[in-house]
Number of protein chains: 2
Amino acid sequence: MPVNLPPLPAIRAFEAASRHLSFTKAGEELGMTQAAVSYQIKLLEDRLGFLLFTRKTRKIELTEHGALLAAKVIDSFASLRTAFEDISKRSAGHLVVSSNTTFAVNWLSNRLVHFQMQNPDIAVRIVPYGPNADPEFNEADIVVSACKAPPKGWYSHELVQADFTPMLSPILLETVDEITAPADLLKLPIVDPQDTWWTDWFTVAGLPDVDLSHLPNSRMGSQALEANRAIAGQGVAILTPYFCKTALETGQLVQPFELTCRAEDESWYLSYPPTHRNSRKVRLFRDWVHAELQRDGMPVLSPTAMVA
Amino acid sequence: MPVNLPPLPAIRAFEAASRHLSFTKAGEELGMTQAAVSYQIKLLEDRLGFLLFTRKTRKIELTEHGALLAAKVIDSFASLRTAFEDISKRSAGHLVVSSNTTFAVNWLSNRLVHFQMQNPDIAVRIVPYGPNADPEFNEADIVVSACKAPPKGWYSHELVQADFTPMLSPILLETVDEITAPADLLKLPIVDPQDTWWTDWFTVAGLPDVDLSHLPNSRMGSQALEANRAIAGQGVAILTPYFCKTALETGQLVQPFELTCRAEDESWYLSYPPTHRNSRKVRLFRDWVHAELQRDGMPVLSPTAMVA
DNA sequence: AGGTATGCATAAGGAGATTTTATCCATGCC
DNA sequence: GGCATGGATAAAATCTCCTTATGCATACCT
């Protein structure tokens, strides 16, 4: 077990005083009075058992021992300072976004490059977020997720509400006679039939009694994967149109019905711990996300709107 | 002006916690509770704006940033610790004795070697003490001096009282017919006639009216030099027999009268600042001086006797 | 499986160090 | 000689920092 150091405030005072060779100046640097520095130095001298400074009139000089010690202490403090500076710089330049796969794949992946170009000094790393996510998400600066409740205690911005409607591949669509009524969907394989969105949607569509529980459950749990299966023609998936924009535009998916539902109690949130409230990198990313959403014509809440 | 560091207690807590990877153990090492460590770490994390540890159940791990920082902080603290250890060792092994020339020449010089042999780990340096002494005496660990009052605030041990009696070279003695009465001394040159000891001695010797003020004054101010002039036959000096022991034994000086005076208000003192109260090196030297005096048959006060 | 022990988080409260304020002193400088 | 500068010191205020007490999660043991 390491040796105990003398009281740290005393060491700090000594460090500053030995650099300035002045208690007054040291006090100014440390934001305290000359008296306090004097007190701390005396404390340290008493502790060590020898004088660190010889007090001449209107100036002080380091004693032999004092000079020896000062050199090393100044050095150690310089190391400490650069250590904290470095880590601060590094932290300021590294943004870890813990994102839901859906958002990461369908939204972030092809836009992130723009953020990078706008902010070349910030290195972004995307890490998965979810029930079985790497616990590394603890180190995330920002979380983007579809949760009923964002991480408690965190600052959260609602991004978009979770709309959903069935989607399928046009190729799959051709395999059936026609899809004119919601009930027609039941002729097709259903991707992730236990997703509660299905019953919600069917209910709104006028079929409150549809029971999908007997169907094999793929339990993908991520729109990104469900969308992939739908694109691959493996079935009908219930998806958020906004996140399928590209697939819809390129004709990989079609939306057979206009009817979309909105989950009132479930939204996409961007959140971050209170400590990041004033973090530049977080602010830049948050504002960038909002700007992107706005470009897409999404009804975006004020960038500063915050959900407690 | 250097960057401000985060609160030092927080850094210290982090340093220990990152070494132990345990708040509890860190607390034990630092002599505080686990709660206090936890508090300090959180403080630091808030200050930095990112987590330093990821809290798993029953153990903690350093985050990426935390690990980076820990390496450097541990390093800096190690430097600090060795700096203080080194200076303590060095201080413990260096003894600066600020001594009156008389004591240094007549007493210390030929005995010091014994102390060195008994304590090979202590390097002794003698520096002059006196009205026109090098201001370096400020760094002295011990002062030996004949003062009416030892440095105020210092711990002081009375060594011997200042006895004095006239001394002269036997060669000088032969140049006069005979010295039988104190008044005979006046036929000889007087070394340092303004030394108040002369009038004191003559008064006790029954010649209260002797006035030496008209004599040329050499103003040596140090028994060592006065003794040298006496040995050289340049006159009669008034000296402390104990410090002339060698010269008396070898016949370089003789003491014409048994009569010695004692300066009631003037003694030889060994003193040291209160901070050295428990210093090993000071204790060893002080006790050694007492032992030497005792070997000489001097009536020595208890080694722990202290004059406030 | 249940109980216990371990390790960290948190709130409230208090003890104590640390800092400030207010002087004092010495001396360099104009 | 008078003023300004720089440090020492005592008393008082402040405000960290630490402890106590408790809760919570979970690993480990029987």
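Given the structure is predicted, the values throughout are model-derived calculations rather than measurements. First the proteins, then the strands, lettered A, B, ... as listed; each starts at 1.
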[X] has an atom [atom1]; how far is it from atom [atom2] of [N], in whole Å?
X        : N       : atom1 : atom2 : result
Lys42(B) : dT16(D) : NZ    : C1'   : 18 Å
Ile11(A) : dT18(C) : CD1   : C1'   : 15 Å
Arg55(A) : dC25(C) : CZ    : C1'   : 15 Å
Leu44(B) : dT16(D) : CG    : C1'   : 16 Å
Phe23(A) : dT5(D)  : CZ    : P     : 19 Å
Leu51(A) : dG7(D)  : CG    : C1'   : 14 Å
Leu8(A)  : dC17(D) : CG    : P     : 11 Å
Glu61(A) : dG7(D)  : CD    : C1'   : 14 Å

Under 4.0 Å protein heavy-atom contact, by nucleotide of nucleotides 18-30 of chain D - B base, S sugar-phosphate only
SBBB---SBB---

Which nucleotide in dC17(D), dA9(C), dT18(C) has an atom nearest any side-chain atom of Ser38(B)
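The answer is dA9(C), which lies nearest to the side chain.
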
Say whether, by atom type as modelled, one donor and one acceptor occur between the side chain of [X] and the main chain of [Y] under 3.5 angstrom.
X         : Y         : answer
Lys281(B) : His94(B)  : yes
Lys25(A)  : Arg19(A)  : no
Arg125(A) : Ala123(A) : no
Ser156(A) : Leu270(A) : no

DNA chain D: 5'-proximal contact among Ser22(A) and Ala10(B) (nearest heavy atom):
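In this pair, the answer is Ser22(A).
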
Without placing hydrogens or testing angles, list every side-chain donor-acceptor pair under 3.5 Å for residues 31-42 of chain B, not counting sequence neighbours.
{"from": "Thr33(B)", "atom 1": "OG1", "to": "Ala36(B)", "atom 2": "N", "distance (Å)": "3.2"}
{"from": "Gln40(B)", "atom 1": "OE1", "to": "Ala10(B)", "atom 2": "N", "distance (Å)": "3.4"}

Any side-chain N or O of Lys59(A) below 4.0 angstrom from OP1/OP2 of dT27(C)?
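Lys59(A) to dT27(C) OP1/OP2: no side-chain N or O under 4.0 Å.
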
With a 4.0 Å cut-off on N to O distance, would you call Glu64(A) and Arg90(B) a salt bridge?
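Salt bridge present between Glu64(A) and Arg90(B).
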
When the aromatic ring centroids of Phe53(B) and Phe23(B) are compared, is their separation below 6.0 Å?
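Yes, the ring centres sit under 6.0 Å apart.
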
